[in-house]
Amino acid sequence: MIFHVLTIFPEFFDGPFEHGVIKRARDTGAIEIRLHNLRDWTSDRHKTVDDRPFGGGEGMLLKPEPLFQAVESIVGQVSGPSRTVLLSAQGRLFDQKVANDFSGLSELLLICGRYEGVDERVAEHLADDELSIGNYVLSGGELAAAVVVDTVARLLPGVLGNQSSAVFESFQDGGHAGAMLDCPQYTRPAEFRGWKVPEVLLSGNHEEIRRWRRRAALEKTARVRPDLMAPSPNRD
Ligand code: SAH
């Protein structure tokens with residue numbers, strides 16, 4: 001899968017895309033990340049990407065022309081489904097379900113806003129989707145784009161070492177039935193500062209362990225994220 005990131009700060013991604021799972025996925029060719037500098041699609045001497053908002057108000061907005069030029073020349077060069085997404089505090093919320101949907105794409109183009117945001121015609125006529133990573137305001141779309149790339153990439157075949165590891169995780173269907181969060185996990189030592197690992201996990205009884213994990217995942221979800229629990233006849 002090809003991820004395109006359109007940004008005025010391509011060097012921002014030297015950190016997030018150069019480590020661990022994402023770095024390995026790039027090295028093996030499971031994913032390709034292409035960083036595009038928005039200023040390459042400007043036509044004036046100063047490479048201007050922003051302008052003042054009509055009607056007055058604080059700050060600057062990314063202007064439409066370079067964004068349209070860029071997106072129209074970047075996407076559609078490979079066959080298969082593609083999608084153009086504007087990262088925006090005003091978008092619908094990005095979650096694991098959206099990540100799963102995106103994992104079937106051949107190309108995903110992420111537009112990073114800056115300053116006070118982006119001319120609304122980009123959301124209306126250029127992007128297929130306007131996505132937010134949470135109900136808070138970032139200073140730019142770059143961190144949000146890194147979140148989306150990371151989340152989608154680890155769902156792709158060959159990216160995680162263990163094929164089943166993306167299935168049995170928080171928010172992922174096919175995990176611990178009914179629970180949305182992963183179960184609590186422990187590693188050695190079996191006792192640390194007097195806190196013991198649940199006995200059942202040391203028992204070697206796989207059926208018992210499976211049942212404990214399922215129960216523990218449900219309990220933790222109910223305690224920490226009751227909003228995620230599916231309504232059930234046992235609850236009101
Ligand atoms: N004035 C805007 C915020 C602009 S912040 C508003 O109040 O809605 C500048 C840029 O950061 C945005 O264009 C967007 O690309 C990015 N951004 C900010 N918060 C974000 C969020 N929660 N999710 C995704 N992108 C975000």
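Computed from a predicted model, the values in this text were never measured in an experiment. Order of listing sets the numbers, starting from 1, for every ligand and every atom in it. For reference, positions follow the sequence shown, starting with 1.
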Legend entry - Top protein contact for atom 5 (S) of ligand 1, by heavy-atom distance: Leu138 O, 3.1 Å

Legend entry - Over all atoms of both residues, closest heavy-atom pair of Val122 and Leu67: CG2-CD1, 3.7 Å

Legend entry - Which of the ligand 1 atoms, numbered from 1, are nearer than 4.0 Å to a heavy atom of Ala144: 24 (C), 25 (N)

Legend entry - Sidechain N-carboxylate O distance under 4.0 Å for Glu169, Arg154: yes

Inset, instruction - Could you check which of Leu93, Val137, Leu87 puts a non-hydrogen atom nearest to atom 3 (C) of ligand 1? - result: Val137

Inset, instruction - Just need the protein heavy atom nearest to atom 8 (O) of ligand 1, so name the residue and atom and give the distance. - result: Gln90 NE2, 2.8 Å

Legend entry - Arg121/Glu124 salt bridge by N-O under 4.0 Å criterion: no

Legend entry - Distance filter under 4.0 Å to Gly141 heavy atoms, resulting ligand 1 atoms: 11 (O), 15 (O), 16 (C)

Inset, instruction - Among all protein heavy atoms, pick the one closest to atom 25 (N) of ligand 1 and tell me residue, atom and distance. - result: Ser88 N, 3.4 Å

Inset, instruction - Decide salt bridge (Lys or Arg N to Asp or Glu O under 4.0 Å) for Arg223 and Glu219; before the verdict, give the C-alpha distance in whole Å, the side-chain angles of both, and the deciding distance to 0.1 Å. - result: CA-CA 6 Å; Arg223 178 163 46 86; Glu219 270 167 22; over 6 Å; no

Legend entry - Given Leu228, Asp95, Thr151, the one that forms side chain to side chain contact (heavy atoms under 4.5 Å, CB included) with Phe171: Leu228

Legend entry - Contact summary for Pro189 and Val197, nearest pair of heavy atoms: O-CG2, 4.0 Å

Legend entry - Flag if over 12 foreign heavy atoms under 6.0 Å of CD, Glu191: yes

Inset, instruction - Please confirm whether Leu131 comes within less than 3.5 Å of ligand 1 when only nitrogen or oxygen atoms on both sides are compared. - result: no

Inset, instruction - Tell me which part of Ala89 gets within contact of ligand 1: side chain, backbone, both or neither, using heavy atoms under 4.0 Å. - result: both

Inset, instruction - Look at Asp129 together with Arg92 and state whether they make a salt bridge at an N to O cut-off of under 4.0 Å. - result: yes

Inset, instruction - Using distance alone, determine whether Ile133 and ligand 1 share an N or O pair under 3.5 Å. - result: yes

Legend entry - Short N or O distance, Val118 and ligand 1, threshold 3.5 Å exclusive: no

Legend entry - Selection from Pro53, Gly59, Gly113 by shortest heavy-atom distance to atom 12 (C) of ligand 1: Gly113

Legend entry - Ser139-ligand 1 polar pair, N/O distance under 3.5 Å: no

Inset, instruction - Take every heavy atom of Tyr115, measure it against each atom of ligand 1, and state whether any distance is under 4.0 Å. - result: yes

Inset, instruction - Using only heavy-atom distances, determine whether the side chains of Asn100 and Gln172 contain a donor-acceptor pair under 3.5 Å. - result: yes

Legend entry - Distance-only side-chain donor-acceptor flag, Glu208 / Ser203, under 3.5 Å: no

Legend entry - Protein heavy atom at shortest distance from atom 2 (C) of ligand 1: Glu116 O, 3.5 Å

Inset, instruction - Consider every N or O of Gly134 and every N or O of ligand 1, then say whether any pair is closer than 3.5 Å. - result: yes

Legend entry - Nearest non-hydrogen protein atom, atom 22 (N) of ligand 1: Tyr136 O, 2.8 Å

